[in-house]
Amino acid sequence: MTISRTTARIAALLGTMVVVVAAAASAQASSSKPAAMSKTEYQALMSRSEALNARYGNAVTRLSPQQFAALYEAGADRLAPQELAALVARSEALNSRYGLRASSGSAQDGSVLATEKPVVAPAATFDWGDFGIGAAAMLGLVLLTGGLVAGSRYGRRVPRARVS
């Protein structure tokens, strides 16, 4: 059984469409700026967020870049943002209560002390971006397979002479 040129072209076109849809879906999912916002609206939102952080802040925003980097490398990357803020606030409160260090996670000379990495259960949230990418890829695969099957089954037929 051979595949005709038309079937091959359809398969190539569908394959290209699948790749384009998957690339577009992953690019959309990885974008941090909401799709419905204009550039000006996004800049206004970021400016407002920075002003609120400067005014109110939280335990994490008070960390120096070196302290945050050390905390991140010690395992904070596996924590949800709320868990990280709670961990830092609790650490600061305990350190000030017992007079252990000047600021959270750091020795008097500014270097960060080694800590054990916390064991954290994975977050139980559903990632809709990953779902969209998977659904688009699966739809493309189904369309490609259907096109190949239909092309090979109902492709161009050569009429045969009847012999009686």
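Residue numbers count from 1 along this sequence. Values below: every heavy atom of this structure, side chains too, minus hydrogens, waters and symmetry copies.
Atom CG in N95 sits 10.0 Å away from atom CZ in R90 (nearest 0.5 Å). Summarising the geometry, atom CG belonging to L71 is positioned 13.0 Å from atom CD belonging to Q66; distances are rounded to the nearest 0.5 Å.
Proximity of a side-chain donor or acceptor of S96 to a complementary backbone N or O of A93 within less than 3.5 Å is detected.
Considering all non-hydrogen atoms of both residues, L144 and G15 come closest at CD1-N, 3.9 Å. Here the closest non-hydrogen pair linking G147 and L14 is CA-CD1, 4.2 Å.
In terms of the side chain to side chain contact (heavy atoms under 4.5 Å, CB included) criterion, residue partners of S38 (sequence neighbours excluded) are, by chain and number, T40, E41.
With contacts defined as side-chain heavy-atom distances shorter than 4.5 Å, the pair F68/L84 qualifies. Inter-residue side-chain proximity for R48 and L52 is flagged as met; some heavy-atom pair is nearer than 4.5 Å. Taking the side chain as every heavy atom from C-beta outward, R9 and L13 never approach each other to under 4.5 Å.
Two different hydrophobic clusters hold V21 and L143 under the rule that ILVMFWY side chains link at heavy-atom gaps under 4.5 Å.
Side-chain heavy-atom separations under 4.5 angstrom define the hydrophobic clusters, and the remaining members of the one that includes L141 are M138.
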